[in-house]
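Letters A, B, ... mirror the listed sequences (proteins, then strands); counts begin at 1. Not measured: the values here are computed from a predicted model.
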Number of protein chains: 2
Amino acid sequence: MAMSGTDPSRMREMNQLSVLWALRGTPPSTVTELSGRTGLSRPAADVLVQQLVTDGWAEVEEPGASSTVGRPARRYRFRATAGHVLGIDIGVHKILVMLCDLEGNLVQSLRRPADPQAGPDARLASVDQTIDDVLHKAGMAPADIWAVTIGVTGPVDENGRTIVSTPLPGWREADPIAHLRPRFTCPIRVENDCKLAAVAERWKGVAQDADDIVYLLAGLRTGAGLIIDGTLRRGHGGVAGEIGALKAVRWLNAPAHLSACPGVPSGAKPGDAAAWVFQAAREGDSAAKTAVQRYIRDLAVGVAALVLTLDPQIVVYGGGFSRSADLVLDPLRRELAKHCLRVPELRASTLSDESVALGALRLALDQVDTTLLGSRLAAPTAPQFS
Amino acid sequence: MAMSGTDPSRMREMNQLSVLWALRGTPPSTVTELSGRTGLSRPAADVLVQQLVTDGWAEVEEPGASSTVGRPARRYRFRATAGHVLGIDIGVHKILVMLCDLEGNLVQSLRRPADPQAGPDARLASVDQTIDDVLHKAGMAPADIWAVTIGVTGPVDENGRTIVSTPLPGWREADPIAHLRPRFTCPIRVENDCKLAAVAERWKGVAQDADDIVYLLAGLRTGAGLIIDGTLRRGHGGVAGEIGALKAVRWLNAPAHLSACPGVPSGAKPGDAAAWVFQAAREGDSAAKTAVQRYIRDLAVGVAALVLTLDPQIVVYGGGFSRSADLVLDPLRRELAKHCLRVPELRASTLSDESVALGALRLALDQVDTTLLGSRLAAPTAPQFS
DNA sequence: GGACTTAGTAAACTACGTAGCAATATCTAG
DNA sequence: CTAGATATTGCTACGTAGTTTACTAAGTCC
């Protein structure tokens with residue numbers, strides 16, 4: 001709560017930021033609209049937005065055919081293409097790189113299959129290649145990128161290194177930030193995939209209306225991401241949400257109920273096996289129904305621990321298994337009712353497997369917002385370092 | 001992140017607030033010091049602080065014998081006695097009312113024993129009496145009170161009513177805010193005792209340096225209060241931290257290990273029994289040592305669930321049993337190491353059983369800060385309503 | 001008495017708000 | 001179909017508020 005004194009030039013800076021924020025996320029606006037949205041007078045909004053245009057933050061749209069009475073108004077819009085950010089999902093089976101502008105409009109997206117056995121060097125080389133392709137197709141250079149966020153499985157420390165365990169072979173030796181640092185001058189951040197998916201769900205998914213969210217990444221591995229008071233929570237050491245590590249919470253075994261179900265086609269990959277069980281349960285196979293029930297019962301204990309701890313508004317069921325949410329949501333809700341004092345709303349994710357990369361984009365955009373548009377308005381160029 | 005436009009008069013208001021915040025929590029300051037602390041020029045700080053004096057927010061201290069070279073400076077100080085707040089702990093066995101000024105200096109404190117069997121009406125009548133006594137001894141009227149916060153056991157909803165269960169007989173029927181509303185015009189708030197104790201620990205206890213805290217109220221009942229990113233978290237429905245409700249977390253049974261210990265003097269009250277067991281364990285009694293060990297083992301599961309979920313910086317061991325922290329902390333740390341990915345710092349509370357009332361004071365002060373000293377500077381009088 | 005610090009005051013600068021006027025379009029009446 | 005009324009934008013001039021800078025006066029210690 002430490003406040004600091006203000007002088008006229010700072011006031012102007014704040015008002016300029018105010019106009020900039022009023023410009024963002026809206027259709028091209030007239031000066032009068034900006035004046036109304038910021039609470040500033042029309043002349044003030046006018047000079048401020050013109051300054052934004054000369055600075056490169058905004059663009060003018062000369063009046064065309066007007067639809068209403070009165071002189072047609074010149075319109076201004078946020079120059080979202082002044083900068084771009086990258087969101088990267090480094091998964092076991094795929095690498096996904098997304099590129100969007102400052103308003104979050106997707107510009108380019110590229111997916112490459114990855115060898116599950118590949119070591120960190122090979123995997124990072126593949127990431128490099130995918131980034132190159134995306135930048136090339138978008139006609140951009142690394143210097144045009146203002147922020148990069150990378151999602152990986154497993155807990156991540158503040159330096160972007162994976163700490164405990166991860167299904168990516170040898171990944172604990174990898175240092176993705178050091179690897180990318182020579183190519184990018186902008187901030188680079190690495191974050192856990194569950195946490196990024198949670199962020200994506202609040203940005204473009206089913207949790208846009210909530211500030212307290214527990215996100216479940218349900219698949220062959222189970223994980224969680226927490227958003228509290230609208231902010232992604234990493235915890236003091238970056239391992240918030242890792243309730244699955246508790247022995248009483250059998251998240252490691254929960255998906256095993258599915259692959260152990262009798263009747264699964266022999267030789268099926270674990271992911272396919274789970275899909276088969278869900279489908280069989282949907283068609284009435286009693287063994288499959290039992291397996292799903294056991295899976296949900298084990299899953300519910302961990303969810304209940306998260307819910308009892310945080311009392312969130314929504315629990316989002318995401319990840320690979322969210323395709324089978326129709327089978328899971330109602331029984332899970334019933335299980336939660338047994339454990340919890342107050343059962344939160346339960347929703348199924350509608351984002352596909354792009355959620356991690358989407359969340360990475362959002363975090364990169366947040367980085368830009370705080371660095372360039374936070375309390376000081378900087379020039380519209382790539383910020384340096386991290 | 002919605003910013004709003006500013007004009008010169010608002011700028012002055014902000015600067016006045018800035019000076020006020022620079023004045024608080026420091027010894028009486030000269031204008032030059034204020035100027036340095038706020039970043040404002042000396043003349044600006046001068047007129048602003050003089051305005052604060054005429055408004056009643058600050059007091060002048062005419063220069064006495066100066067200790068340094070140069071003309072002795074007039075000093076200004078925050079008028080902490082402009083308003084006061086009440087912090088009330090309604091417990092099973094006691095009622096504690098504390099009164100402090102706007103800087104948190106304790107003015108008056110009064111404790112009354114309470115009948116554990118007393119119903120809500122009798123208990124609230126006793127609260128009324130204690131409030132009256134405190135106000136009388138301090139020479140104040142209810143109108144001098146700017147905020148009231150009450151702590152009770154059990155989960156509390158946003159209207160101050162106890163939701164689920166509570167050891168206070170019949171308390172679910174009680175409506176403390178409605179009861180006190182006729183006497184006070186200021187905001188009244190009711191909060192769970194664990195949450196308040198957590199706040200107290202960060203204010204005056206062992207967790208002043210941390211922003212992510214799990215507070216453990218360990219006694220005959222076990223509870224938790226969470227502070228995340230420096231803010232007390234209630235959860236969406238006010239039941240955050242109630243991990244003890246999970247069946248896999250046997251917090252309800254954990255203290256029973258102590259009272260069930262063989263050798264406990266028959267007829268001892270549960271609290272005395274626990275104290276006896278701790279003392280016996282300290283003296284080497286093996287049965288007592290086993291009982292303590294079992295207690296800690298059960299306690300640790302719930303703590304681990306909280307820690308794995310939130311990854312806090314510190315866990316504070318508070319409540320009635322914190323007197324025996326010497327026996328608990330090390331074994332608890334070892335248990336946590338078995339469960340957790342990262343073991344946070346474990347500290348024993350040093351606040352006595354005043355922690356709930358202290359936390360209530362702090363929350364009431366926070367209320368005053370946001371209402372009167374938040375974004376607008378109001379006149380120094382009691383705020384209205386809640 | 002000199003050095004150092006604070007207190008108080010006047011002038012200059014900056015930024016916003018209001019008022020007013022010209023420009024540009026649509027609507028309506030004859 | 002044309003001309004006036006109406007409405008909205010674009011722009012400039014002026015007044016107000018607040019801060020900074022600069023300067024003078026005042027008080028204490030060495």
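In this structure, CE of Met14(B) is placed 11 Å from P of dT19(D), rounded to the nearest angstrom.
Sequence neighbours left out, not one pair with a member in residues 42-54 of chain B passes salt bridge (charged side-chain N to carboxylate O under 4.0 Å, His left out).
Counting only distance, with no hydrogens or angles, the side chain of Asp55(B) and the backbone of Trp57(B) share no donor-acceptor pair below 3.5 Å.
If you take CZ on Arg233(A) and CG on Asp212(A), they are separated by 9.0 Å, rounding to the nearest 0.5 Å.
By the 4.5 Å heavy-atom criterion applied to side chains, Ile177(A) and Asn159(A) are not counted as neighbours. Side-chain contact between Asp229(B) and Thr231(A): absent, with no pair of heavy atoms (C-beta onward) separated by less than 4.5 Å.
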When you check every protein heavy atom under 4.0 Å of nucleotides 5-18 of chain D, what one-letter string (B, S, -) results, 5' to 3'?
-> --BBBBBB-----S
